[in-house]
Visitor: 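Below: one structure in structure tokens.
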Amino acid sequence: MIDSLLERARAAAAAVRARVAAVVDVGLAAVAVTATVFVMNGGGHFHRRHLLTEARRHLALVLRGRRRESGLDERIVNEAPAAYCTNVTEPRTARGESPGYRLYTARWAPTPRERRRREPRRRLRRG
């Protein structure tokens with residue numbers, strides 16, 4: 001009986017995965033992809049190809065190896081710059097104006113109140 005526990009657990013997990021449909025929220029994926037790319041690239045600047053790579057990684061993680069509908073990664077990448085990125089490209093040539101060569105940075109809503117750093121309290125010495 002103990003030897004078959006692992007097989008039973010794997011069979012139960014496969015049954016649960018078969019019933020649960022993986023749903024991808026494009027807006028939420030765009031936020032996650034933008035945040036990850038912003039943090040991972042030095043200086044917070046990135047290109048569209050970075051968003052596309054991270055969108056594909058995100059889909060692989062969310063869908064857990066299942067087939068995805070075609071163009072889903074492109075929809076995420078199109079949503080991300082439109083909603084959460086600012087174009088910071090200074091095109092010096094015509095090639096720099098093409099979408100693949102544009103340089104972006106993340107655009108987040110400002111926080112309502114900026115947090116101030118507290119200075120550490122000094123301990124009084126006794127004795």
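In what follows, every heavy atom counts, from backbone to side chain, and hydrogens, waters and symmetry copies are set aside. The first residue in the sequence is number 1, and the count goes up from there.
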Visitor: For the side chain of His45 and the backbone of Gly43, is there at least one donor-acceptor N/O pair under 3.5 Å apart?
Guide: yes

Visitor: Are Val39 and Val88 connected in a single hydrophobic cluster, I mean Ile/Leu/Val/Met/Phe/Trp/Tyr linked by side-chain heavy atoms less than 4.5 Å apart?
Guide: no

Visitor: Would you please name every residue forming a ring pair (Phe, Tyr, Trp, His ring centres under 6.0 Å) with His50, sequence neighbours left out?
Guide: His47

Visitor: Using every non-hydrogen atom in the two residues, find where Tyr104 and Pro81 come nearest and quote the distance to one decimal.
Guide: CE2-CB, 4.0 Å

Visitor: Kindly indicate, with the supporting measurements, whether the criterion side chain to side chain contact (heavy atoms under 4.5 Å, CB included) is fulfilled by Arg68 and Asp73.
Guide: CA-CA 9 Å; Arg68 65 175 188 255; Asp73 53 353; 3.4 Å; yes

Visitor: Using side-chain hydrogen bond (donor to acceptor under 3.5 Å, both in side chains) as the criterion, list what pairs up with Arg102, not counting sequence neighbours.
Guide: none

Visitor: Could you check if a side-chain atom of Cys85 sits within less than 4.5 angstrom of a side-chain atom of Thr105, using non-hydrogen atoms only?
Guide: no

Visitor: Please step through salt bridge (charged side-chain N to carboxylate O under 4.0 Å, His left out) for the pair Arg10 and Glu7, ending with a clear verdict.
Guide: CA-CA 5 Å; Arg10 286 181 177 161; Glu7 288 133 15; over 6 Å; no

Visitor: For Leu28, check side-chain contact (heavy atoms from CB on, under 4.5 Å) against everything at least two apart and list the hits.
Guide: Asp25

Visitor: Does any part of the side chain of Leu72, heavy atoms only, come nearer than 4.5 Å to the side chain of Val26, both counted from C-beta?
Guide: yes

Visitor: Answer with yes or no whether the hydrophobic clustering places Phe46 together with Leu103; edges join I, L, V, M, F, W, Y residues whose side-chain heavy atoms lie under 4.5 Å apart.
Guide: no

Visitor: Is there a path from Leu61 to Val31 through hydrophobic residues (I, L, V, M, F, W, Y) whose side chains come within less than 4.5 Å of each other?
Guide: no

Visitor: Give, for atom CD of Glu54 and atom CG of Leu59, the distance between the pair rounded to the nearest 0.5 Å.
Guide: 10.0 Å

Visitor: Starting at OG1 of Thr36, measure out to NE2 of His58 and round the result to the nearest 0.5 Å.
Guide: 8.5 Å

Visitor: Starting from Leu52, can I reach Tyr101 by hopping between I/L/V/M/F/W/Y residues whose side chains sit under 4.5 Å apart?
Guide: no

Visitor: Heavy atoms, side chains only, cut-off 4.5 Å: are Glu69 and Arg75 in contact?
Guide: yes

Visitor: Please give me the minimum heavy-atom distance between Val33 and Ala55, naming the atom from each residue.
Guide: CG2-CA, 3.7 Å

Visitor: Show your reasoning for whether side chain to side chain donor-acceptor pair (under 3.5 Å) applies to Asn78 and Arg48.
Guide: CA-CA 9 Å; Asn78 291 337; Arg48 186 178 190 282; 3.1 Å; yes

Visitor: What's the shortest heavy-atom distance between Gly44 and Phe38, and which atoms?
Guide: O-CD1, 3.5 Å

Visitor: What is the minimum heavy-atom distance between Ala83 and Arg107, and which atoms define it?
Guide: O-NH2, 2.9 Å

